S.K.: 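One structure, pasted below without further comment.
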Number of protein chains: 2
Amino acid sequence: MLLLRDLPRYECLLEEARRFPELDPSACEVYLHLLRAGDEAFRSCGEPLEAHGISAGRFTVLMLLLRKRGEADSGALTPAELADQAGVTRATMTGLIDTLERDGFVRREPDPHDRRMTPVTLTPAGESLLQGVVPAYFQRMGLLVAPLSEAERRTLVTLLSKLVRGGETEEPSIPFTSGASPAPACASVPLNSPVT
Amino acid sequence: MLLLRDLPRYECLLEEARRFPELDPSACEVYLHLLRAGDEAFRSCGEPLEAHGISAGRFTVLMLLLRKRGEADSGALTPAELADQAGVTRATMTGLIDTLERDGFVRREPDPHDRRMTPVTLTPAGESLLQGVVPAYFQRMGLLVAPLSEAERRTLVTLLSKLVRGGETEEPSIPFTSGASPAPACASVPLNSPVT
DNA sequence: GGCTGATGGTTAGCTTCCTAACGTTATCGA
DNA sequence: TCGATAACGTTAGGAAGCTAACCATCAGCC
């Protein structure tokens, strides 16, 4: 991901707008701030991971397997499931699993019932790696958001949701209302990934 | 950049928090929404670029050169200047310029005064490429931010700035106040880049 | 004037993502 | 039952980042 080092000031945007009539200065300012903040957040929370010699992609895989272990007996996920939940292609997941298996953090064992599949499980080494990394990861996340009050956090989440939904006018999201959860399938463990 | 397909619900975060005491649910929710929105924005605005067969990195270089042309006679920037302003390393910039020159969008011509340098300029082909791409790019940007009112945009920018500044408590930023601009060196043309 | 150091650009090698194509295995319909 | 279809995982090749190392050139200091 590449990002301009310094964000343009509003006055500069106005100046550019004269040259490009399609440019909406306030939209552009939102866009640039969004990208910068996303990049900053991703980079910041990625640091503790890098310090332990693990990339964001590998961390995602390990976390998904850890969560699965808490749910099911086998604790296994197929590469296709992992790719789908992590948001990468199956080809990319093959590469991630390759290196994780080489380093001893996960294990592939063929499925006896369907020989097309090769479920993946977390090894003790992988689990102990997570034990060491996860606290620092979440602490960094808390530090990042620390400047915002709870009310500001709610506002920010609402605005970001509105942006992503693209004005579809669905349910107003009402996050942070713990009562009366519809409790459908929960998406997942908090993971990462960059703007980029 | 890889991102979980579906963001976790707040209730799920609370559940995860029980397993990881370091997890601050509201911080985590902000983090995930931020990454998702940044990714969405980058991807969305990148589409018009890809449609014209140009990547975000190359677009950045061309825009920087276009802006320079509007400022100085030569309209040239050195690879080091380009790398600095685009936020990539000089090695990466070498690769970008290589392909852009191969495709005829920029030209390298040695500096007669300092033979270490090889300033880069935009060719007519590069300029006409931009003519075709830029309107769609800015239109998409406007569409992305369309769901937000002007007041909401101000709020969002303020909150994102607060996050990035890390609570340094500098000037409250007051964007969108067009009067009395300090008018220092303007940063640049709006460009892109992902969370990633 | 000739080292020393700083600067500019490139190269080489690595990572992580992608798409496209492939071989294997399961499933389902005629 | 057997051929078509679909799904799983992998491989091959390419794009765009990065760091580290490398020469060429300039500037400054004895």
Side-chain angles (χ1 to χ4, degrees), chain A residues 1-5 39 42-43 46-47 49-50 53-61 76-103 106-120 191-196, chain B residues 1-4 39 42-43 46-47 49-50 53-62 76-103 106-120 191-196:
Chain A
M1 161 184 187
L2 96 157
L3 191 52
L4 286 177
R5 293 230 176 274
D39 183 52
F42 179 68
R43 193 183 314 276
E47 278 172 14
L49 272 44
E50 307 287 342
I54 190 176
S55 75
R58 293 185 212 188
F59 180 67
T60 301
V61 174
L77 285 169
T78 67
E81 289 170 331
L82 284 169
D84 195 50
Q85 293 177 33
V88 299
T89 64
R90 283 176 297 165
T92 299
M93 188 51 64
T94 294
L96 285 171
I97 297 171
D98 279 348
T99 65
L100 284 170
E101 188 173 34
R102 181 198 61 197
D103 295 345
V106 304
R107 191 170 33 225
R108 276 190 252 234
E109 24 195 342
D111 184 328
H113 301 336
D114 187 337
R115 290 190 297 172
R116 288 175 303 183
M117 307 207 191
T118 318
V120 177
L191 288 172
N192 42 62
S193 202
V195 175
T196 198
Chain B
M1 158 186 187
L2 98 157
L3 189 51
L4 286 177
D39 182 53
F42 178 68
R43 192 183 314 276
E47 278 173 15
L49 272 44
E50 306 288 342
I54 191 178
S55 75
R58 294 186 211 188
F59 181 68
T60 301
V61 174
L62 295 180
L77 286 169
T78 67
E81 290 169 331
L82 285 169
D84 196 48
Q85 292 178 32
V88 300
T89 63
R90 283 177 298 164
T92 298
M93 188 51 66
T94 293
L96 285 172
I97 296 171
D98 280 348
T99 66
L100 284 170
E101 188 174 33
R102 180 199 63 194
D103 296 345
V106 305
R107 191 170 34 226
R108 277 188 252 233
E109 23 196 342
D111 185 328
H113 301 337
D114 186 339
R115 288 191 298 170
R116 288 174 302 180
M117 307 206 191
T118 317
V120 176
L191 289 173
N192 40 61
S193 206
V195 172
T196 145

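None of these values were measured; they are calculated from a predicted model.
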S.K.: Residues two or more places apart in sequence or in another chain: which of them pass side-chain hydrogen bond (donor to acceptor under 3.5 Å, both in side chains) with A/Asp111?
M.R.: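 In terms of side-chain hydrogen bond (donor to acceptor under 3.5 Å, both in side chains), with neighbours along the sequence ignored, A/Asp111 is linked to no residue.
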S.K.: For A/Thr92, which residues count as a side-chain hydrogen bond (donor to acceptor under 3.5 Å, both in side chains) partner, sequence neighbours excluded?
M.R.: A/Thr89
S.K.: Can you work out whether A/Ala91 or A/Ile54 has the more 5'-proximal nearest nucleotide on DNA chain C?
M.R.: A/Ile54
S.K.: Side chain of A/Arg58: nearest nucleotide among D/dG9, C/dC18, C/dT16?
M.R.: C/dT16
S.K.: Taking only the side-chain heavy atoms of A/Thr94 (C-beta and beyond), determine which of C/dG8, D/dT11, C/dT11 contains the nearest atom.
M.R.: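 Nearest to the side chain of A/Thr94 among the choices is D/dT11.
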S.K.: One thing to verify: whether A/Asp98 and A/Arg102 come together as a salt bridge, which I'm taking to mean a side-chain N less than 4.0 angstrom from a carboxylate O.
M.R.: no
S.K.: Which listed nucleotide (C/dG9, D/dT19, C/dT16) is nearest to the side chain of B/Pro79?
M.R.: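 When the side chain of B/Pro79 is considered, C/dG9 is the closest of C/dG9, D/dT19, C/dT16.
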S.K.: Set out, line by line, the N/O atom pairs under 3.5 Å between protein and nucleotides 24-26 of chain C.
M.R.:
{"residue": "C/dA26", "atom": "OP1", "partner": "A/Arg115", "partner atom": "N", "Å": "2.9"}

S.K.: Going by side-chain hydrogen bond (donor to acceptor under 3.5 Å, both in side chains), name the residues that satisfy it together with A/Glu101, two or more places apart in sequence or in a different chain.
M.R.: A/Arg108
S.K.: Under the side-chain hydrogen bond (donor to acceptor under 3.5 Å, both in side chains) rule, collect the residues that match up with B/Glu109, sequence neighbours excluded.
M.R.: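 Only B/Thr121 meet the side-chain hydrogen bond (donor to acceptor under 3.5 Å, both in side chains) criterion with B/Glu109.
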S.K.: Does anything in residues 85-94 of chain B form a salt bridge (Lys or Arg N to Asp or Glu O under 4.0 Å)? List the pairs, not counting sequence neighbours.
M.R.: none
S.K.: Counting the atoms with a prime plus P, OP1 and OP2 as sugar-phosphate, which does A/Thr118 contact under 4.0 Å by heavy atoms, base, sugar-phosphate, or nothing?
M.R.: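 Sugar-phosphate contact only - A/Thr118 comes under 4.0 Å of backbone atoms but never of a base.
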S.K.: Classify B/Thr78 by what it touches in the nucleic acid, base, sugar-phosphate, or nothing, heavy-atom distance under 4.0 Å.
M.R.: sugar-phosphate
S.K.: Closest nucleotide of DNA chain C for A/Thr99 versus for B/Glu81: which of these residues is on the 5' side?
M.R.: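 Nearest-nucleotide comparison on DNA chain C picks B/Glu81.
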